[in-house]
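In what follows, a structure is listed as structure tokens, so that the remarks can point back to it.
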Amino acid sequence: MTQKTSLSIINGTSLPNIPWEERPHISGAVMWRSQRNPIIPQDLIPSSNSIFNSAVVPYQGGYTGVFRCDNKSRVMQLHTGKSPDGFKWTIENERIHWQPANQKITEINAFQYSYDPRVVWLEDRYYVTWCNGYHGPTIGVGYTHDFETYYQMENAFLPFNRNGVLFPRKIKEKYAILSRPSDNGHTPFGDIYYSESPDMLHWGCHRFVMGTTSGWQATKVGAGPIPIETSEGWLLIYHGVLTSCNGFVYSFGAALLDLDEPWKVIYRGEPYLMAPQAPYERTGDVPNVIFPCAALVDSETDRITVYYGGADTVVCLAFGYVHEIIDFVKSNAIK
Ligand code: BMA
């Protein structure tokens, strides 16, 4: 572990039981994989073809989460999962059935498909955002208090949009979200935008945050886990896509965004933090994909554990230290 700078995590939680493995002695990498990967196999529940891009949060002394489970008809669905330690998960075999948060929602509540969830504790409840089928993909928004009953709200945007990621607090008295406008297919472009809302229903004041550059992030970029508030700015872990002769390659890297005006990028790492290199990331339903949707942070020790999907098939973990990731981004920033 390198020397901690004056970095502090803001509004963090102490997580003494964060799922964790020490960095292997031979590794000089900023982030390293769990030796228990994949921590969730594709067939953990009878209904699943694959379980991947999923979101977890600390809950009642353990962990809970919303999991992307594509079923054996290959319908993309969200399921609740629970874990005492963040490694070993029990996932409901039945998908989440959203209750309309109010009468108007019944019109958009007909299920088409749901995928790539994010979960955040915000004020008084857990909000869930996901890619929601409504005449094409857009950003679904809902909430739960107990991971038993879930309420669906209005979609945040028109189709087509993916990777809606809420900030964990209001910014200048407005709810804030990152998203990535897209098309109806395997979008060959994608930039990250910022939008704000007074009420979690009406979103506007859209701002461009960042677009593609080169290499691993040359084709498209999209926000990953909920941004982490630090004294250096919002730490955003995001996925980037390269188009190879063999199709898309999904890696992830990080950037620091301004605390008050998060559409302003302070630093953005040029190299990736992780790229698909392990067998379970290179081989699966969609080869060469690592796709992060959640991060746990222990504010006491600065440890970070990232949950990511491997090859659109399994759930995996990677570990690191927030201050090391920030040092890496700053010292390897795009000029
Ligand atoms: C994206 C999303 C992700 C998926 C990735 C690679 O467009 O659909 O869910 O992991 O493609 O297939």
Side-chain angles (χ1 to χ4, degrees), residues 37-42 48-56 65-71 73-79 95-96 112-119 128-134 136-140 157 159-165 178-193 211-212 216-225 237-253 272-278 280-295 306-318:
N37 278 351
I39 60 151
I40 300 180
Q42 67 184 96
S48 65
N49 165 81
S50 41
I51 307 176
F52 50 114
N53 309 351
S54 297
V56 313
V66 176
F67 289 79
R68 171 174 176 175
C69 302
D70 292 8
N71 71 15
S73 311
R74 299 304 296 261
V75 179
M76 304 175 281
Q77 304 189 143
L78 303 181
H79 293 230
R95 75 170 172 91
I96 293 170
Q112 294 178 7
Y113 55 80
S114 317
Y115 62 88
D116 296 357
R118 273 60 164 197
V119 181
V128 185
T129 53
W130 69 96
C131 179
N132 186 36
Y134 179 71
T138 185
I139 307 303
F157 301 111
F160 308 108
N161 202 317
R162 293 181 170 101
N163 298 298
V165 178
L178 298 171
S179 75
R180 197 203 74 191
S182 67
D183 67 14
N184 201 12
H186 301 295
T187 318
F189 61 88
D191 299 335
I192 300 176
Y193 287 82
T212 56
W216 67 274
Q217 45 186 335
T219 300
K220 47 184 170 174
V221 288
I237 293 177
Y238 65 96
H239 66 258
V241 181
L242 168 155
T243 306
S244 79
C245 302
N246 197 36
F248 289 155
V249 178
Y250 280 71
S251 306
F252 67 79
Y272 55 69
L273 285 169
M274 274 182 45
Q277 287 162 355
Y280 47 83
E281 299 163 356
R282 288 192 181 277
T283 307
D285 283 350
V286 184
N288 302 315
V289 177
I290 57 173
F291 197 94
C293 287
V306 171
Y307 283 75
Y308 67 95
D312 283 12
T313 306
V314 290
V315 177
C316 307
L317 292 189

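Atoms within each ligand, like the ligands themselves, are counted from 1 in listed order. What you see is a predicted model; the values in this text were computed from it and never measured.
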Self-check item: Residue part near ligand 1, for N53, under 4.0 Å between non-hydrogen atoms
Solution: side chain
Quiz item: Just going by heavy-atom distances, which of N163, V286, D312 is nearest to atom 4 (C) of ligand 1?
Solution: D312
Exercise. Ignoring hydrogens and angles, state whether a donor on the side chain of D116 or N53 is under 3.5 Å from an acceptor on the partner side chain.
Key: yes
Self-check item: Numbering as shown, the atoms of ligand 1 that approach Y250 to under 4.0 Å (heavy-atom distance)
Solution: 1 (C), 5 (C), 6 (C), 7 (O), 11 (O)
Quiz item: For the residue pair P137 and C131, what are the closest heavy atoms and their distance?
Solution: CB-SG, 3.4 Å
Quiz prompt | Closest non-hydrogen atom pair, A311 against P287 | solution = CB-CA, 4.4 Å
Quiz prompt | With N288 via side chain to side chain donor-acceptor pair (under 3.5 Å) - residues at least two apart | solution = none
Exercise. Specify side chain, backbone, both or neither for R68, according to which of its non-hydrogen atoms lie closer than 4.0 Å to ligand 1.
Key: side chain
Quiz item: Between the side chains of R95 and S114, does any donor sit under 3.5 Å from an acceptor?
Solution: no
Quiz item: To the nearest 0.1 Å, how far is atom 8 (O) of ligand 1 from its closest protein heavy atom, and which atom is that?
Solution: Y115 CE1, 3.7 Å
Quiz prompt | Option set T313, D116, D70, criterion heavy-atom distance to atom 3 (C) of ligand 1, minimum | solution = D116
